[in-house]
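Numbers here simply count residues along the sequence, with the first being 1.
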Amino acid sequence: MHSRWLMIFCSMAVLAGVANAQPIVDGTRDAAYGPALALQTVQTGFGDASQADGLGSGGELDALYATIDDDRLYVMLTGNIENSFNKLSVFFDTQAGGENTLSAAPAYDFENISQNFGGLTFDDGFAADYHLYARWGSFSGNVFAVDIVDRQGGVNSTVTGNGASSSSGAGTAIQSGTVLPTDLGLTAGPGGTGEVRTLDGFLTEPLAFGFNNTNTAGVTSGTGAANQAAAAAVTTGFEFSIALADLGPLQAGDEIKLHTVYGNSNHNFHSNQTLPGLPAGTGNLGGNGNGTFTGDLAGVDFGDFAGDQFLTITVPGLVGDYNDDNRVDIADYTVWRDGLGDQFTIAHYTAWANNFGAIGPANAQAVPTPEPAASAIACLLVLIFAGVRSRYAR
């Protein structure tokens, strides 16, 4: 093979590896995400961020990106979270059941302010199972923190949850950290009250997060139509990665629905920043549903607004292939049977039965994409061999 063609082949192999690389969870969007799944549709009612050091006022949600890789969900939300303890919330609908209208029963977050969510209603087709919330502020030395809670259907006051503060960049506009299964959230705040945790954790694998609050572009302040080109150009914000296993029993073909919203510190007053977005002209969502503060969010019903304020991500892969051999056969039934009630449900049996006999591409064996380093090494060896052969052929 001519050396020029070898070089082209190697470059393509390495680039293919890079294109399939996992996102780096640092608060900066990677090419691995691909195009945005949702772009903001309305200007922000919580003010436009204008300080490059990330410490000024203003909060916005510009775009949402997501991908699934190696049994993990990666989510990137570009925009800003001001350091006033205002909170970015991500609600997940991943299982049967859940809450279309949130209950006031689950008690978590600072002095159990989660109960202010009671009465908030999502669009039809969305029923929340998990709630992730992120915030920072001078009260804690500008340390960014992330918590995630399993609301368990909203029927009990005691729920399970994990949380942790950033471990890198604390006090700056660029921070990152990891929530471990052993991390149960922040300890007591000033005066010894507030964030005392008595919850049990539910994570089985670490949740990684990154935060970069340096954006000064994107949507501007107001209630008019958002400049979507400007929103798409923003590359920084809040990013996290969580194991699919920690969002319930999820297999190929299952759906993950996400609702994201930016609100105040006490969960009783929302901005107009959701992703997917609200109609142009929509103001902040107070307790009465249209911007008047009433102390809770019982008056907010996302079904009152045009469009859906949630999006759906489908877990990739061959439906019913529970042992990952790229075919659906009796071996997958055995895996399902052994994991019933833990990893699998009756719905997974139905999916297996409906897809029995299916075979994926590549002769029923998935061929992994080489890692960039492996591709480069392989190509280097080929080039060396070609050079040696060429020299001795003279």
Side-chain angles (χ1 to χ4, degrees), residues 20-23 25 32-34 37 64-76 90-100 125-132 148-153 160 162 179 181 201-208 240-259 308 310-369:
N20 286 277
Q22 293 176 340
V25 183
Y33 281 109
L37 300 184
L64 187 155
Y65 303 81
T67 188
I68 294 174
D69 190 283
D70 196 23
D71 293 325
R72 293 186 69 85
L73 171 67
Y74 292 81
V75 175
M76 176 77 209
V90 181
F91 288 93
F92 302 80
D93 177 357
T94 61
Q95 305 176 59
E99 302 168 83
N100 178 251
F126 187 92
D129 298 303
Y130 301 92
H131 176 208
L132 180 150
I148 185 167
V149 170
D150 180 353
R151 289 182 58 92
Q152 301 175 350
T160 55
N162 296 84
V179 182
F202 76 93
L203 291 180
T204 63
E205 296 186 35
L207 182 156
F240 67 90
S241 167
I242 185 171
L244 295 183
D246 286 329
L247 294 175
L250 291 172
Q251 302 294 329
D254 288 346
E255 294 182 340
I256 299 172
K257 299 176 182 179
L258 300 178
H259 166 93
D308 287 331
F310 71 90
L311 57 79
T312 302
I313 303 163
T314 301
V315 178
L318 187 62
V319 176
D321 177 22
Y322 301 137
N323 65 351
D324 296 325
D325 66 352
N326 217 30
R327 64 175 67 234
V328 182
D329 53 21
I330 196 65
D332 299 299
Y333 170 82
T334 302
V335 175
W336 170 84
R337 180 197 63 198
D338 294 344
L340 182 61
D342 179 16
Q343 185 181 4
F344 298 103
T345 66
I346 295 298
H348 291 114
Y349 169 83
T350 302
W352 168 81
N354 290 341
N355 210 31
F356 185 83
I359 299 177
N363 297 320
Q365 287 295 326
V367 179
T369 302

Distance-minimising heavy-atom pair for Asn323 and Ala331
ND2-CB, 3.6 Å

Could you report the tightest heavy-atom contact between Gly97 and Ala127, atom names first, then the distance?
O-CB, 3.2 Å

Set of residues satisfying ring pair (Phe, Tyr, Trp, His ring centres under 6.0 Å) with respect to His348, sequence neighbours excluded:
Phe344

Kindly give the heavy-atom pair with the smallest separation between Leu311 and Ile313, and that separation in Å.
CD1-CG1, 3.9 Å

Mind checking whether Tyr130 and Phe92 have parallel, tilted or perpendicular rings, split at 30° and 60°?
perpendicular

Walk me through whether Asn326 and Ile359 qualify under side chain to side chain contact (heavy atoms under 4.5 Å, CB included).
CA-CA 6 Å; Asn326 217 30; Ile359 299 177; 5.8 Å; no

Smallest heavy-atom separation, Ala252 atom then Gly317 atom, equals CB-C, 3.5 Å

So, the side chain of Lys257 versus the backbone of Ala128: is there a donor-acceptor pair under 3.5 Å, distance only?
no

Compare every heavy atom of Asp150 with every heavy atom of Phe202, then report the nearest pair and how far apart it is.
CE2-N, 3.6 Å

Considering residues at least two apart in sequence or located in another chain, which fulfil the salt bridge (Lys or Arg N to Asp or Glu O under 4.0 Å) criterion with Glu205?
Arg72

Given side chains that start at C-beta, do those of Thr334 and Arg337 come closer than 4.5 Å, heavy atoms only?
yes

Is it the case that the side chain of Asp254 and the backbone of Gln251 share a donor-acceptor pair, with hydrogens and angles ignored and the cut-off at 3.5 Å?
yes

Angle between ring planes, Phe91 versus His131, binned at 30° and 60°: parallel, tilted or perpendicular?
parallel

Walk me through whether Asp321 and Val319 qualify under side chain to side chain contact (heavy atoms under 4.5 Å, CB included).
CA-CA 6 Å; Asp321 177 22; Val319 176; over 6 Å; no

Mind checking whether Ile242 and Leu247 have side chains closer than 4.5 Å, heavy atoms only?
yes

Atom of Asp129, atom of Ala96 and distance for their closest heavy-atom approach:
OD1-O, 4.5 Å

Can the ring centroids of Tyr322 and Trp352 be said to lie less than 6.0 angstrom from one another?
no

Could you check Asp69 against Gln22 for side-chain hydrogen bond (donor to acceptor under 3.5 Å, both in side chains), going step by step and ending with a plain yes or no?
CA-CA 7 Å; Asp69 190 283; Gln22 293 176 340; 2.8 Å; yes

Look up atom CG in Asp246 and atom CD1 in Ile148, then write down how far apart they are to the nearest 0.5 Å.
8.0 Å

Between Leu250, Thr94, Asp70, which is the residue that forms a side-chain contact (heavy atoms from CB on, under 4.5 Å) with Leu244?
Leu250

State which residue, out of Val25, Asn162, Leu132, fulfils the side-chain contact (heavy atoms from CB on, under 4.5 Å) condition with Leu207.
Leu132

In the structure I gave you, are the side-chain heavy atoms of Thr67 and Tyr65 within less than 4.5 Å of one another anywhere?
no

Report the C-alpha separation of Val90 and Val75 in whole Å, then their side-chain angles, then the decisive distance to 0.1 Å, and conclude whether the side chain to side chain contact (heavy atoms under 4.5 Å, CB included) test is met.
CA-CA 10 Å; Val90 181; Val75 175; 5.8 Å; no

Donor-acceptor under 3.5 Å (Asn354 side chain, Thr350 main chain)
yes

dist Asp93:CG -> Asn100:CG (nearest 0.5 Å) comes out at 9.0 Å

What class does the angle between the rings of Tyr349 and Tyr333 fall in, given that below 30° is parallel, 30 to 60° is tilted and above 60° is perpendicular?
perpendicular

Side chain Asp308, main chain Phe310, donor-acceptor under 3.5 Å
no

Test side chain to side chain contact (heavy atoms under 4.5 Å, CB included) on Leu258 and Ile256 and set out the steps.
CA-CA 7 Å; Leu258 300 178; Ile256 299 172; 4.0 Å; yes

